[in-house]
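Small disclaimer: the values here were computed from a predicted structure and weren't measured. Along the sequence shown, residues carry numbers from 1.
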Amino acid sequence: MVESRWFSNTMLVVILINAAILGWATYGGSAQPYLVLAERVVVGVFVVELTLKLIAWRGGFFRDPWNWFDFFVVVISVIPATGPFSVLRILRVLRVLRVITAVPQMRTIISALFRAVPGMGTVIGLLLVVIYTAAILGQQLFGEDVPQYFGDLGTSLYTLFTVMTTENWPDFADAVAEDHPMGWMFFVGYIVLTTFIILNLVIGVIVTSMEQEVDSRWWVEDQELEAVQHEAVMVKLTELSEQVARLDRMVRDHGGDPDADEPTGQGTAVPEPVHQPNANGNG
């Protein structure tokens with residue numbers, strides 16, 4: 001039951017209702033008591049769902065990391081949000097994230113992101129090195145003339161991070177160009193290197209990881225299908241072997257030799273040749 005489509009769709013609807021309740025509760029008003037009651041009902045449904053899955057899967061429930069996430073969210077939801085646990089009330093918003101566990105396509109995307117972490121870490125490390133180097137270079141080139149943007153390392157890092165997002169970067173470039181007419185070359189080169197090259201490397205790593213995640217899922221399904229087909233073929237071969245064995249026994253029972261290529265007369269009566277009399281009366 002817990003693996004059926006209708007059960008999954010029902011829980012998805014409950015999760016969406018819970019998200020709507022949490023959003024509506026931010027407006028307050030006279031409906032607040034009813035929203036609190038509805039939220040308790042939703043939490044009760046989550047507890048029942050978790051209990052059914054634990055009964056159905058037992059120890060296998062904790063083999064899936066997504067089940068661990070659901071378990072954590074439900075446990076946080078049932079802890080009284082009063083006294084020293086009042087801070088946990090903020091974590092109830094995590095129930096909205098259960099949409100990810102309820103939709104397989106979203107789980108695939110998140111799994112691909114986790115798969116891409118090693119590759120992204122390398123590319124992001126390269127990006128940080130470039131930004132840090134550019135910040136020191138910018139401070140040395142423009143720090144004295146434009147201290148509001150490149151006065152020290154921290155200010156330069158913040159300025160270059162803003163430039164990387166291409167947000168208001170002409171304002172920084174114009175301020176530098178007043179004292180450094182060729183300063184635009186620094187900004188153009190920095191934007192091309194960080195925004196157009198390195199950040200696109202991050203996107204490429206993520207896309208590659210998503211392709212691998214989808215391919216791995218299809219590979220598992222193909223292996224399962226091949227296993228079923230292999231079993232069916234082996235069953236057919238077994239049946240054919242049994243039929244051949246029965247035919248072999250039938251041939252042997254009737255005095256035949258199933259291993260001979262041509263009949264040799266062994267085991268059967270061979271008729272004597274008939275001699276016809278010739279013209280002289282001799283046989």
Side-chain angles (χ1 to χ4, degrees), residues 19 63-70 72-73 90-91 93-143 145-177 180 182-223:
R63 296 175 185 173
D64 190 348
W66 292 110
N67 290 336
W68 277 98
F69 176 76
D70 290 341
F72 172 75
V73 171
I90 300 175
L91 299 179
V93 72
L94 294 177
R95 294 201 297 267
V96 180
L97 297 180
R98 290 203 61 199
V99 174
I100 298 175
T101 63
V103 181
Q105 290 80 2
M106 290 187 180
R107 292 201 302 268
T108 301
I109 294 175
I110 299 300
S111 299
L113 289 177
F114 280 113
R115 183 191 292 268
V117 166
M120 284 195 303
T122 304
V123 178
I124 291 175
L126 174 62
L127 178 63
L128 293 177
V129 170
V130 172
I131 294 176
Y132 186 82
T133 304
I136 296 176
L137 181 62
Q139 194 278 330
Q140 293 178 352
L141 292 175
F142 316 124
D145 300 319
V146 194
Q148 67 272 26
Y149 296 139
F150 296 96
D152 52 42
L153 179 61
T155 305
S156 297
L157 286 172
Y158 179 77
T159 299
L160 292 180
F161 180 80
T162 306
V163 172
M164 184 180 63
T165 64
T166 66
E167 182 69 23
N168 296 328
W169 76 270
D171 297 338
F172 305 130
D174 292 341
V176 170
H180 302 271
M182 301 299 294
W184 62 269
M185 299 177 62
F186 172 83
F187 291 95
V188 170
Y190 174 79
I191 291 175
V192 170
L193 182 60
T194 58
T195 305
F196 296 151
I197 297 180
I198 298 182
L199 288 183
N200 278 289
L201 285 177
V202 175
I203 297 174
V205 170
I206 295 175
V207 171
T208 301
S209 178
M210 291 186 64
E211 291 179 350
Q212 293 176 350
E213 183 70 22
V214 174
D215 291 342
S216 64
R217 187 180 65 180
W218 284 111
W219 183 85
V220 172
E221 294 180 357
D222 290 342
Q223 292 297 312

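Under the 3.5 Å distance criterion, the side-chain polar atoms of T195 are matched with a main-chain donor or acceptor of M164. Here the side chain of T101 pairs no donor or acceptor atom with the backbone of W66 at under 3.5 angstrom. Between the side chain of T162 and the backbone N or O of Y158 there is at least one donor-acceptor pair closer than 3.5 Å.
Distance CD1/I100 to CG/D70: 10.5 Å, rounded to 0.5 Å. To the nearest 0.5 Å, atom CG of residue L113 and atom CD1 of residue I206 are 6.0 Å apart. Remark: W169 CH2 to D174 CG distance equals 8.5 Å, nearest 0.5 Å. Atoms CD1 and CD1, from I203 and I198 in turn, are 12.5 Å apart once rounded to the nearest 0.5 Å. I191 contributes atom CD1, which lies 12.0 Å from atom CH2 of W184 (distance to the nearest 0.5 angstrom). To the nearest 0.5 Å, atom CG of residue L153 and atom CD of residue Q139 are 8.0 Å apart.
For D171 against Y149, the heavy-atom pair with the smallest separation is O-CE1, 4.5 Å. Residues F150 and S156 share a closest heavy-atom pair of CA-OG, 3.3 Å. The two residues A112 and S209 come nearest to each other via the heavy atoms O-OG, 2.6 Å. Between H180 and F142, the shortest heavy-atom distance links the atoms CD2-CD2, 3.6 Å. Across all non-hydrogen atoms, the minimal contact from V202 to M120 is CG1-SD, 4.0 Å. Contact between L193 and I197 at its shortest, heavy atoms only, is O-CB, 3.3 Å.
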Go through the steps to decide whether L160 and F186 satisfy the test side chain to side chain contact (heavy atoms under 4.5 Å, CB included), and finish with yes or no.
CA-CA 11 Å; L160 292 180; F186 172 83; 3.9 Å; yes
In sequence, state the C-alpha distance, the side-chain angles, and the governing distance for Y190 and I131, and then conclude on side chain to side chain contact (heavy atoms under 4.5 Å, CB included).
CA-CA 8 Å; Y190 174 79; I131 294 176; 3.5 Å; yes
Taking it one step at a time, do D145 and V176 satisfy side chain to side chain contact (heavy atoms under 4.5 Å, CB included)?
CA-CA 8 Å; D145 300 319; V176 170; over 6 Å; no
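Partners of S111 by side chain to side chain donor-acceptor pair (under 3.5 Å), not counting sequence neighbours: none found. For D152, the side chain to side chain donor-acceptor pair (under 3.5 Å) partners are T155, not counting sequence neighbours.
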